[in-house]
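Here is the structure we will look at, set down as structure tokens.
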Amino acid sequence: MTTEKENSVEGFKQIKQDELEVIQSQITQQYLQNVTSKGQINPDENMPVTTHGYMALCGPTEQQPKESKHIIRTRTYQIKRSCETVNISEESTTDSGGQLSMKCSTSKKLPELKGSISIQNLIKFKLFDEEILHKMERGLITSEEMQALLAPYVGKPTAIAGVYVESSKKKISFLEAAEKGFLAKTYALEFLEAQAATGSLTDLVTGQTHSVDEAMEKGILEMGLKDKLIEAEKAVSGYIHAGKTLSVFQAMEERILDRYKGKKILEVQVSTGGLINPDIGVRVPVNIAVDQGLLNKETLKSLYDPVSNPKGFHNPDTGQKAYYSEILKTCLYDIDGCVFLFPFGERHLTDTSPTSTHRVSVISSSCGIEMSAYEAFKGKHIDKRTYLLLSQQESEWQEKSIVDANESARHIITDVKSGRQLCLESALSQRFLETSELDAYRSELLSIYEIADLIFSRMVVVEDVNSPIAGLWDVTHKKRLSVLQGFQQGLTDRTTAVRLLEAQACTGGICDPSSGEKVTVSEALNRGLVDEALKHQLQQCEQAFNGIVHPNTAKTLSISQAVQENLFPKDVCFRCIEFQLLTGGLIHPDTHDRVSLEEVIQSGLVDKATASALKDEKFHTKSLTCPKTKRRITFREALERSVYDCHTGLRLLEATKVWGFVAKSSFLYTWGY
């Protein structure tokens with residue numbers, strides 16, 4: 001027995017003498033895409049994976065009983081690819097002090113290999129905790145779970161790998177895009193430096209990731225770019241100074257790296273998954289990076305300060321300066337190469353619009369398929385981690401609880417980016433959501449993004465042809481706004497805002513563009529859709545919908561009849577009639593049915609003199625200012641320029657901000673009549 005132990009220990013010493021190295025970023029990401037997204041992992045079979053990345057850690061093919069403190073347990077798998085085979089093994093041992101140590105290594109050296117990493121190091125640097133180690137020892141963590149735990153640190157960074165040409169549906173490198181005139185060569189160099197600074201110089205033809213030297217040898221890059229890219233690559237390998245290997249931030253602090261260049265690199269690394277710790281060769285989340293001295297809070301706060309850290313990249317499409325994170329949010333995810341590509345063309349695939357439920361986020365460059373992140377996820381083209389990453393670029397869902405007028409609790413989820421809003425109780429009652437799905441969400445088995453997408457995938461939204469202008473679409477920020485919000489944020493003028501709200505009040509209620517609900521003026525005040533100063537005026541217009549009760553006879557009158565009885569202002573009456581006619585017909589106060597002008601005249605709801613005035617072209621005055629062009633328009637023209645919101649079926653009017661215009665917080669000054 002003693003001899004066996006000695007042989008085991010000696011064998012372990014021999015293993016430790018070999019340099020244990022870890023494949024760089026793309027092995028794990030490709031492994032996750034090819035294995036996890038398919039949901040098929042059999043530890044007894046060979047598993048395919050593209051061999052790019054830092055490390056792939058797989059579950060055991062078999063579990064061996066624990067016989068002695070000093071016994072070495074080795075779990076080995078073959079991970080095959082068409083071009084090469086790599087044996088990846090996980091080794092663990094317990095030393096004389098009872099400390100468990102685990103390492104991942106490869107039996108074949110590849111150009112991408114860099115350094116080695118152990119589970120102990122991950123624990124030491126607070127990336128894993130002791131509980132993970134104990135679970136691994138007891139075999140309680142599956143390979144899928146381990147991959148998910150490792151992915152944020154060793155998975156492929158989300159750097160932009162190239163350009164997607166919308167017209168041809170093909171991907172090309174940044175240098176090829178520059179040669180074809182899609183973008184300036186200086187812009188291409190910016191994105192190549194970002195790839196080098198994140199360890200992800202990608203050959204789009206093969207999908208492999210290379211170091212700068214390897215890329216030069218293979219002719220992927222021009223020799224004239226070598227010096228600049230080698231300098232950028234130090235952000236991954238580290239900056240050597242006084243016998244130490246320094247990170248980007250540490251090099252900035254030692255003044256061997258220009259602060260402007262350093263902050264630009266830090267912004268790129270933060271945007272693509274975390275700061276790289278050159279000592280262990282993995283990415284580190286920002287909060288842990290601060291604890292490890294890879295960054296301080298002051299520098300972190302200044303990364304998106306345009307004064308201390310100006311925008312360092314150019315949008316390839318517009319040429320405007322931008323932060324890397326801003327450009328990354330406009331990119332597509334290519335499932336064939338598991339890379340992000342910048343879309344170039346007139347279709348603006350990744351733009352968010354009120355007429356489309358989801359933007360295009362995922363493509364297959366080999367066959368030209370374009371889809372949303374949710375479609376790709378449901379079709380098992382991407383895994384859940386990638387789906388959530390793409391969803392978070394498009395939306396930001398948050399939940400809050402409110403108590404409605406009936407004192408019932410309602411749970412509202414709101415996308416703060418687009419202004420969409422959903423009520424979970426309403427979705428449940430309308431069968432857009434199943435009780436089991438809601439329970440899974442409450443148990444955190446489903447994310448808030450999945451719940452929102454589930455509901456949207458089942459909703460059938462019908463365009464409301466009788467809709468007034470329900471709100472504004474902020475063209476710059478791609479967001480729905482109420483009319484009052486649009487005024488307060490400087491997207492429209494006071495008079496236009498008042499007119500649009502009057503049109504809502506007299507045609508069925510104040511519109512909430514986030515949910516599509518129409519509410520009374522009093523309820524609109526509670527929701528912040530109007531303010532106190534508007535309440536009295538809009539209640540007058542609300543009477544045009546509900547009818548005016550005669551104080552003496554208690555009979556409900558139309559607004560035209562009320563004008564004849566001097567119970568309603570004539571100018572407000574004319575505007576309400578115009579708004580109703582242009583949105584489908586006059587509204588009968590008793591039935592709320594839409595009635596044509598001819599039928600109204602016959603029924604006596606409008607006298608002939610008023611009818612004659614309504615037919616006059618001069619009746620349609622340019623009383624509004626277009627929130628987008630800032631030109632004077634009629635209400636009819638506003639309706640013609642509006643678009644139907646796919647979320648609510650109501651009309652939205654595109655709007656842009658007038659720079660230098662400062663809106664009041666409320667309508668406390670003179671109203672325009």
Side-chain angles (χ1 to χ4, degrees), residues 26 52 156-233 264 268 271-272 311-351 359-371 390 393:
Q26 295 181 352
H52 310 146
K156 187 173 183 179
T158 56
I160 306 170
V163 172
Y164 178 74
V165 183
E166 293 179 350
S167 57
S168 64
K169 295 187 176 183
K170 299 295 182 183
K171 61 183 175 183
I172 58 176
S173 69
F174 281 111
L175 287 179
E176 186 179 350
E179 291 172 0
K180 293 185 176 181
F182 291 127
L183 71 161
K185 191 171 182 179
T186 54
Y187 298 177
L189 177 58
E190 290 174 357
F191 290 100
L192 289 173
E193 287 179 318
Q195 289 182 27
T198 55
S200 59
L201 272 173
T202 304
D203 181 356
L204 291 183
V205 176
T206 64
Q208 291 185 336
T209 299
H210 302 287
S211 67
V212 175
D213 286 334
E214 291 166 344
M216 293 296 173
E217 291 175 5
K218 294 179 179 294
I220 299 170
L221 299 174
E222 301 173 2
M223 289 302 297
L225 303 176
K226 183 174 181 179
D227 290 342
K228 289 185 177 181
L229 295 182
I230 286 288
E231 184 64 27
E233 196 173 45
K264 182 178 178 180
V268 171
S271 302
T272 56
K311 297 181 177 183
F313 292 85
H314 290 84
N315 185 305
D317 201 11
T318 64
Q320 294 181 340
K321 297 279 279 185
Y323 288 117
Y324 195 82
S325 59
E326 294 174 332
I327 300 175
L328 183 59
K329 290 176 182 177
T330 66
C331 289
L332 295 160
Y333 184 77
D334 179 21
I335 60 176
D336 296 317
C338 296
V339 293
F340 283 85
L341 303 172
F342 182 86
F344 194 94
E346 297 180 354
R347 290 193 288 150
H348 303 290
L349 289 176
T350 58
D351 277 3
R359 68 177 190 174
V360 173
S361 298
V362 179
I363 60 164
S364 171
S365 57
S366 63
C367 52
I369 296 175
E370 300 167 351
M371 65 197 100
L390 295 171
Q393 290 182 352

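For R359 against T330, the heavy-atom pair with the smallest separation is NH1-CA, 4.3 Å. Nearest heavy atoms, I327 versus A322: CG1-CB, 3.9 Å. Nearest heavy atoms, T272 versus T158: CA-OG1, 3.1 Å. The shortest heavy-atom contact between E233 and V212 is OE2-N, 3.1 Å.
The closest donor-acceptor contact from the side chain of Q195 to the backbone of A159 lies at 3.5 Å or more, if one exists at all. Checking side-chain atoms of E166 against main-chain N and O of P343 turns up no donor-acceptor pair under 3.5 Å. In this structure, S366 contributes its side chain and S364 its backbone to no donor-acceptor pair below 3.5 Å. Proximity of a side-chain donor or acceptor of Y324 to a complementary backbone N or O of I160 within less than 3.5 Å is detected.
A distance of 11.0 Å separates CZ in F342 from CG in L328, rounded to the nearest 0.5 Å. Note that OG of S365 is 8.5 Å distant from CG of L204, once rounded to the nearest 0.5 Å. Between the CD atom in E217 and the CG atom in L221 there is a gap of 11.5 Å [rounded to 0.5 Å]. S271 contributes atom OG, which lies 8.5 Å from atom CZ of F313 (distance to the nearest 0.5 angstrom). Between the OG1 atom of T206 and the NZ atom of K218 there is a distance of 7.5 Å, given to the nearest 0.5 Å. Here T350 contributes atom OG1 and D317 contributes atom CG; the two are 9.0 Å apart, rounded to the nearest 0.5 Å.
Contact check for H210 versus D203: side-chain heavy atoms found under the 4.5 Å cut-off. Looking only at side-chain heavy atoms (C-beta outward), D213 and I230 come within less than 4.5 Å of each other. Side-chain contact between K228 and L225 is absent, with no heavy atoms from C-beta onward closer than 4.5 Å. At least one side-chain heavy atom of K311 sits less than 4.5 Å from a side-chain heavy atom of E326. Looking at P316 and F191, their side chains come closer than 4.5 Å, going by heavy atoms from C-beta outward. Considering only heavy atoms from C-beta on, E193 stays 4.5 Å or farther from V268 through its side chain. Residues Q393 and Y333 are not in side-chain contact: their nearest non-hydrogen atoms beyond the backbone lie 4.5 Å or more apart. Between Y164 and L349, the closest side-chain pair of non-hydrogen atoms falls below 4.5 Å.
Contacts of E190 classified as side-chain hydrogen bond (donor to acceptor under 3.5 Å, both in side chains), with partners at least two apart in sequence or in another chain: H314.
In this structure, K329 fails the cation-pi test against Y323, since its NZ or CZ atom is not both closer than 6.0 Å to the six-membered ring centre and inside 45 degrees of the ring normal.
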Sequence neighbours left out, cut at 3.5 Å: what donor-acceptor pairs do the side chains of residues 170-179 make with other protein atoms?
unit_1 : atom_1 : unit_2 : atom_2 : d
K171   : NZ     : D334   : OD2    : 2.8
S173   : OG     : E176   : N      : 3.1
E176   : OE2    : K180   : NZ     : 3.1

